[in-house]
Amino acid sequence: MLLRTFCIFLLPLILTACSKPDARSMLERYTERVGNAIEEPILTEFDNALAARPSLPPKRQRLIEIKTISEGLIDVLDFRHCDLLHSIAERNTTLARLAGHSQRLIYELEVLPALRRCKRRIDEVDTEAPSRLKERLTQIIEQKQQSLGAAIWNALYASTEMEQHFALTEAPLPLQGSTLLAPLKPALAHFQLLAELSEQDAWDTPAFVPTLEQDFEALYRSAFGAQWITSLVLLTHTLKQTSDAIERRLLRRPICFNNRPNNQAQIIRNVFQKFYAGELQPYMSLVDRQGQEWLTAHQQILDRLPVPSGAQHYFLAMLNPQAADGLWQHYLDARDAHTRNWQRLLRQCGMMPGS
């Protein structure tokens, strides 16, 4: 009986020792330690901060309607001059019409350069091609080039693969998650190139296009975006709440007189070194560094693509680092205010470096 009681007592200690610390617990510990050191309560209220995140607009608001090009029988037969009869006929099958946006994008990226090559050959060599084919080719090429940006947008930002990167259910990035963005970089680089092609009039199908589904799979296997957003919201909230608490404390009677450290100042310095410099700052650096890469990649894509009106405000707030009311700017404002108030606190006790 004694042994059983001992094991029951020991089990929670073992589970606690084996569990890995997570970002939310670290942030809670930081606010608690700072609050105790400055004798000013700090309310975390993380759930309220997370609940305030905007939701991704529904798919119908993220889709751009693309005008369908329909070909009559004579028009289709004319394309034998381009060796495209099989591709176009295959595209017009019922199964192909039900294909997802990623498959449609692959088709567009392969057929548009082929149409351009066909037109050049007809203009330069194939004098037997009917005139109606030349006119129709010009119309189709122009329409497909104009709608390519929309096709890229639909395939990427209206996809289920990208949708999960804006989910509200993901935990924050782990404390040691410094390489979670790496598997997505090749895919993001490919989409950046495709977005650039949407603004150009002459290009060949990129070599990676036949395996573009692998890039979508990489997006599907990752939840980096949603984890990063959760991390940034929690960090922003923590920095603001802590900064506000320090400011409230500074408005009360001074902690130190004549800039001379006392016992409470030593406690504050220990908290600063162990929990701010030792735990919070490394995590901020991890989130900051990968976040800037994530935002830059998306910005280089979005700057070149049409964004449907129903989704413009959301993507501006979530992915544009220059947006005044955006997620990233809120974080920078909270970070800077937090730094300034810590400096004021340390300076009051003569603990700022160089003071």
Side-chain angles (χ1 to χ4, degrees), residues 56-57 59 61-66 99-114 116 144-167 170 179-229 289-323 326-328:
L56 181 70
K59 188 169 185 175
Q61 293 183 17
R62 288 181 282 126
L63 275 175
I64 300 176
E65 185 176 355
I66 299 176
H101 292 288
S102 61
Q103 286 295 323
R104 296 179 203 173
L105 175 60
I106 292 172
Y107 171 80
E108 295 298 327
L109 292 168
E110 291 176 338
V111 79
L112 184 50
R116 289 201 190 98
K144 284 188 175 295
Q145 182 62 44
Q146 290 171 3
S147 64
L148 181 59
I152 297 170
W153 167 272
N154 286 345
L156 184 56
Y157 290 103
S159 69
T160 55
E161 291 88 351
M162 183 59 78
E163 190 173 293
Q164 67 190 32
H165 287 271
F166 297 94
E170 287 293 333
T179 60
L180 293 180
L181 180 60
L184 297 178
K185 289 182 180 181
L188 293 172
H190 288 165
F191 285 111
Q192 288 176 45
L193 176 58
L194 295 182
E196 291 173 8
L197 296 184
S198 70
E199 296 182 321
Q200 300 173 15
D201 293 329
W203 43 269
D204 292 323
T205 302
F208 61 81
V209 166
T211 58
L212 193 60
E213 289 290 359
Q214 294 179 10
D215 292 327
F216 285 98
E217 184 178 355
L219 290 170
Y220 176 76
R221 291 183 177 277
S222 171
F224 173 84
Q227 291 177 299
W228 178 76
I229 289 170
R289 183 177 63 256
Q290 293 187 94
Q292 289 195 56
E293 290 186 71
W294 173 252
L295 292 178
T296 299
H298 280 288
Q299 202 57 45
Q300 290 178 355
I301 297 170
L302 291 171
D303 282 347
R304 294 174 170 85
L305 298 182
V307 182
S309 58
Q312 283 180 357
H313 179 75
Y314 176 85
F315 284 102
L316 181 69
M318 302 303 283
L319 295 177
N320 190 323
Q322 278 79 46
L327 198 68
W328 182 252

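None of these values were measured; they are calculated from a predicted model. Values reported hereafter were calculated over all heavy atoms of this structure, with side chains retained and with hydrogens, waters and symmetry mates removed. Position 1 is the first residue of the sequence, and the numbers go up from there.
One distance of note links OG1 of T160 with NE2 of H101; it measures 10.0 Å at 0.5 Å rounding. Rounding to the nearest 0.5 Å places CG of D215 at 10.0 Å from CG of L156. The distance from atom NZ of K185 to atom CD of E293, rounded to the nearest 0.5 Å, is 3.5 Å. Taken from OG1 in T296 to CD1 in I301, the straight-line distance is 11.0 Å, to the nearest 0.5 Å. Atom CG in L184 sits 6.0 Å away from atom CG in L188 (nearest 0.5 Å). Interatomic distance, CD of Q192 versus CD of Q300, reported as 4.5 Å (0.5 Å rounding).
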Go through the steps to decide whether Q200 and L197 satisfy the test side chain to side chain contact (heavy atoms under 4.5 Å, CB included), and finish with yes or no. CA-CA 5 Å; Q200 300 173 15; L197 296 184; 3.7 Å; yes
Can H298 and M318 be said to form a side chain to side chain contact (heavy atoms under 4.5 Å, CB included), step by step? CA-CA 10 Å; H298 280 288; M318 302 303 283; over 6 Å; no
Verify side chain to side chain contact (heavy atoms under 4.5 Å, CB included) between E196 and W203, making sure each step is shown before the conclusion. CA-CA 10 Å; E196 291 173 8; W203 43 269; over 6 Å; no
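Side-chain contact between P206 and L194: present, with at least one pair of heavy atoms (C-beta onward) separated by less than 4.5 Å. For the pair H165/S222, a side-chain contact is recorded, criterion being any heavy-atom separation below 4.5 Å from C-beta on. Between L56 and R62, the closest side-chain pair of non-hydrogen atoms falls below 4.5 Å.
Counting non-hydrogen atoms of neighbouring residues, nucleotides and ligands closer than 6.0 angstrom, the CD atom of E65 reaches no more than 12 such neighbours. Heavy-atom neighbours of Q214 CD from other residues, nucleotides or ligands within 6.0 Å: at or below the threshold of 12. Other residues, nucleotides and ligands place more than 12 heavy atoms under 6.0 Å from the CZ atom of R289. Y220 OH: 12 or fewer foreign heavy atoms inside a 6.0 Å radius.
D201 approaches R116 most closely through the heavy-atom pair O-NE, 2.7 Å. Nearest heavy atom pair, residue P113 against residue E110, reads CD-O, 3.6 Å. Q299 and P321 make their closest contact through OE1-CD, 3.7 Å (heavy atoms, listed as atom of the first residue, atom of the second, distance). Summarising the geometry of E170 relative to A226, their closest heavy-atom pair is CG-CB, 3.5 Å, with the distance given to 0.1 Å. Closest of all the heavy-atom pairs between L109 and T205 is O-OG1, 2.7 Å. The shortest heavy-atom contact between G149 and L305 is O-CD2, 3.6 Å.
A donor-acceptor pair under 3.5 Å links the side-chain atoms of Q290 to the main chain of L181, judged by distance alone. The backbone N or O of A150 sits nowhere less than 3.5 Å from a side-chain atom of S147 that would complete a donor-acceptor pair. At distances below 3.5 Å, at least one donor-acceptor pair connects side-chain atoms of Q312 with backbone N or O atoms of V307. In this structure, E217 contributes its side chain and E161 its backbone to no donor-acceptor pair below 3.5 Å. Proximity of a side-chain donor or acceptor of S198 to a complementary backbone N or O of L148 within less than 3.5 Å is not detected. Remark: the backbone N or O of L219 is paired with a side-chain donor or acceptor of Q164 at under 3.5 angstrom.
Side chains of Q103 and E213: a donor on one and an acceptor on the other come within 3.5 Å.
When each of F224, W328, F166 is tested with W294 by the rule ring pair (Phe, Tyr, Trp, His ring centres under 6.0 Å), just one qualifies, namely F224. Paired with F191 under the rule ring pair (Phe, Tyr, Trp, His ring centres under 6.0 Å), one option of F208, W153, Y157, F216 passes, and it is F216.
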